[in-house]
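Note that the coordinates shown come from a computational prediction; the quantities given were computed from them, not determined experimentally. Residue numbers start from 1 in every chain, and the chains themselves are labelled A, B, ... in the order their sequence lines are given, proteins ahead of strands.
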Number of protein chains: 2
Amino acid sequence: MQISSRFTIAVHVLICIETFKKDMKTTSDFLASSVNVNPVVIRRILQQLKKAGIVEVKRGSGGADLARDPADITLLDVYTAVESVEEGRLFHFHENPNPQCPVGSNIHNILDDRLKRIQDAMEDQMRSVTIRDVMEDACRIISAP
Amino acid sequence: MQISSRFTIAVHVLICIETFKKDMKTTSDFLASSVNVNPVVIRRILQQLKKAGIVEVKRGSGGADLARDPADITLLDVYTAVESVEEGRLFHFHENPNPQCPVGSNIHNILDDRLKRIQDAMEDQMRSVTIRDVMEDACRIISAP
DNA sequence: ATCTTTGTAACAGCAAACATTACAATCATG
DNA sequence: CATGATTGTAATGTTTGCTGTTACAAAGAT
């Protein structure tokens with residue numbers, strides 16, 4: 001099971017907005033053609049990013065912009081914005097383990113701490129990377145010979 | 001998108017095998033009743049664990065056993081055993097980004113390193129926990145007053 | 001031989017992701 | 001202020017992977 005492509009699409013979109021904002025209007029159509037998906041998919045993701053205070057989207061006139069300093073947007077922010085699963089739920093548990101079995105009745109007590117630490121490790125790493133970092137990579141790679 | 005319950009079920013199963021191996025035969029039926037799923041689900045997971053050299057399963061006579069020292073089985077071993085996605089693919093990418101867009105054509109060059117580091121952080125944490133560690137937690141919790 | 005249990009195929013149901021069409025609401029601007 | 005461009009969102013469809021279930025041959029113990 002993989003983390004949905006919404007996350008990588010969202011990051012792709014943010015990079016595009018920053019890269020092209022001086023030269024063109026970054027409409028959902030334009031962004032969609034860079035990612036190569038339906039514009040509605042982009043609009044839905046932009047809505048999620050907007051709710052999280054990451055972008056501003058203009059109706060009518062069109063186009064999206066970052067709502068904050070790129071150095072102030074982490075990959076974790078983007079991840080939690082577009083990933084529907086609630087906070088702290090990377091691992092899926094089977095429902096209704098047998099309450100009469102000492103293991104079944106305690107499986108959460110036994111595992112939750114360890115699993116949380118695994119998720120924390122991943123999230124800490126995500127928090128350590130900002131859109132500014134990614135933009136630096138992007139500029140370097142795009143302008144390479 | 002969550003990591004499938006196969007992972008937590010697999011760990012649950014391993015704990016059960018270790019906990020009950022002295023007192024009973026740990027058949028797929030027995031394990032299924034602790035987890036509260038269909039026995040076939042357990043058998044499928046046991047097969048995946050067997051292919052990874054983590055358990056031994058006896059046909060006919062029945063029952064599963066660990067194939068190695070619990071201290072030598074990490075949560076990462078279990079995770080890669082039951083998670084169908086190939087190595088290094090925690091994040092799902094959209095296919096066919098626009099090759100004519102400097103961002104679209106370079107999106108993997110731009111992101112792969114960062115994403116790999118995130119996945120590595122998660123896997124390192126998983127590797128640091130063994131079934132022996134989990135068994136210690138389990139024994140302490142189960143025998144608590 | 002018989003009984004138990006595993007290994008596996010076959011199929012069904014469901015949920016989430018992803019795609020697409022359509023259209024009202026919104027905004028800039030001529 | 002009418003028009004053209006664009007967003008916001010609902011409705012609908014397709015696909016994919018997970019999970020559940022039935023069924024039964026293969027394997028092993030007694």
**Study point:** Distance in angstrom units between B/I17 CD1 and C/dT6 P, rounded
**Key:** 11 Å
Exercise for review: Indicate whether OP1 or OP2 belonging to C/dC18 is found under 4.0 Å from a side-chain N or O atom of A/S5.
Suggested key: yes
Exercise for review: Send over the distance from A/N38 CG to D/dG13 P, rounded to a whole Å.
Suggested key: 17 Å
Review point. Looking at the side chain of B/R43, which of D/dA23, C/dA28, D/dT19 is the nearest nucleotide?
Key: D/dA23
Exercise for review: Test B/V134 against B/V129 for side chain to side chain contact (heavy atoms under 4.5 Å, CB included), laying out the working first.
Suggested key: CA-CA 7 Å; B/V134 174; B/V129 181; 3.9 Å; yes
Check your understanding: So does B/K50 get a side-chain nitrogen or oxygen closer than 4.0 Å to the phosphate oxygens (OP1/OP2) of C/dG7?
Key -> yes
Review point. Rounded to whole angstroms, how far apart are CD on A/Q48 and P on D/dT7?
Key: 16 Å
Review point. Does the pair A/R127 and A/T74 meet the rule for a side chain to side chain donor-acceptor pair (under 3.5 Å), with working shown?
Key: CA-CA 5 Å; A/R127 205 182 346 255; A/T74 71; over 6 Å; no
Study note, to complete from the structure: Separation of C/dT20 atom C1' from A/R44 atom CZ, nearest Å, is 9 Å
Practice item. Using only heavy-atom distances, decide whether a donor-acceptor pair under 3.5 angstrom links the side-chain of B/R59 to the base of C/dG7. Key: no
Check your understanding: Mapping A/P39 and B/G62 onto DNA chain C by nearest heavy atom, which one lands closer to the 5' end?
Key -> B/G62
Exercise for review: Describe the nucleic acid contact of B/G60 in one word from base, sugar-phosphate, nothing, applying a heavy-atom distance below 4.0 Å.
Suggested key: base
Review point. Between C/dA9, D/dT19, C/dT26, which one does the side chain of B/R6 approach most closely?
Key: D/dT19
Point to revise | Side chain of A/V41 (C-beta onward), nearest among C/dT20, C/dT6, D/dT19 | key: C/dT20
Point to revise | Distance in angstrom units between B/D29 CG and C/dT6 P, rounded | key: 7 Å
Exercise for review: Measure from CD on A/E95 to P on D/dC18 and round the result to the nearest Å.
Suggested key: 17 Å
Exercise for review: Please determine, for the side chain of A/V37, which listed nucleotide (D/dG8, D/dC18, C/dA19) has the closest atom?
Suggested key: C/dA19
Review point. Would you say C/dT6 has OP1 or OP2 under 4.0 Å from some side-chain N or O of B/S28?
Key: yes
Review point. Between A/N38 and A/A32, what is the shortest heavy-atom contact and its length?
Key: C-CB, 4.1 Å
Exercise for review: Examine the side chains of A/T8 and B/H92 and answer whether a donor and an acceptor come within less than 3.5 Å of each other.
Suggested key: no
Practice item. Using atom CZ of A/F30 as one end and atom C1' of D/dT7 as the other, report the distance to the nearest whole Å. Key: 17 Å
Practice item. Assign B/H94 to base, sugar-phosphate, or nothing according to its heavy-atom contacts below 4.0 angstrom with the strands shown. Key: nothing
Check your understanding: Within the structure, does a side-chain N or O atom of A/T27 lie under 4.0 Å from either OP1 or OP2 of D/dT6?
Key -> no
Check your understanding: Are B/Q47 and C/dT6 close enough that a side-chain N or O sits under 4.0 Å from OP1 or OP2?
Key -> no
Revision key, fill the gap. CZ of B/R117 to CE of A/M126, rounded to nearest 0.5 Å, is 14.0 Å
**Study point:** Parallel, tilted or perpendicular: ring planes of B/F7 versus B/Y79, cut at 30 and 60 degrees
**Key:** perpendicular
Exercise for review: Could you tell me the separation between the NZ atom of B/K58 and the P atom of D/dA27, rounded to a whole number of Å?
Suggested key: 17 Å
Check your understanding: Looking across every strand, which nucleic acid part, if any, lies under 4.0 Å from B/V57 by heavy atom: base, sugar-phosphate, or nothing?
Key -> sugar-phosphate
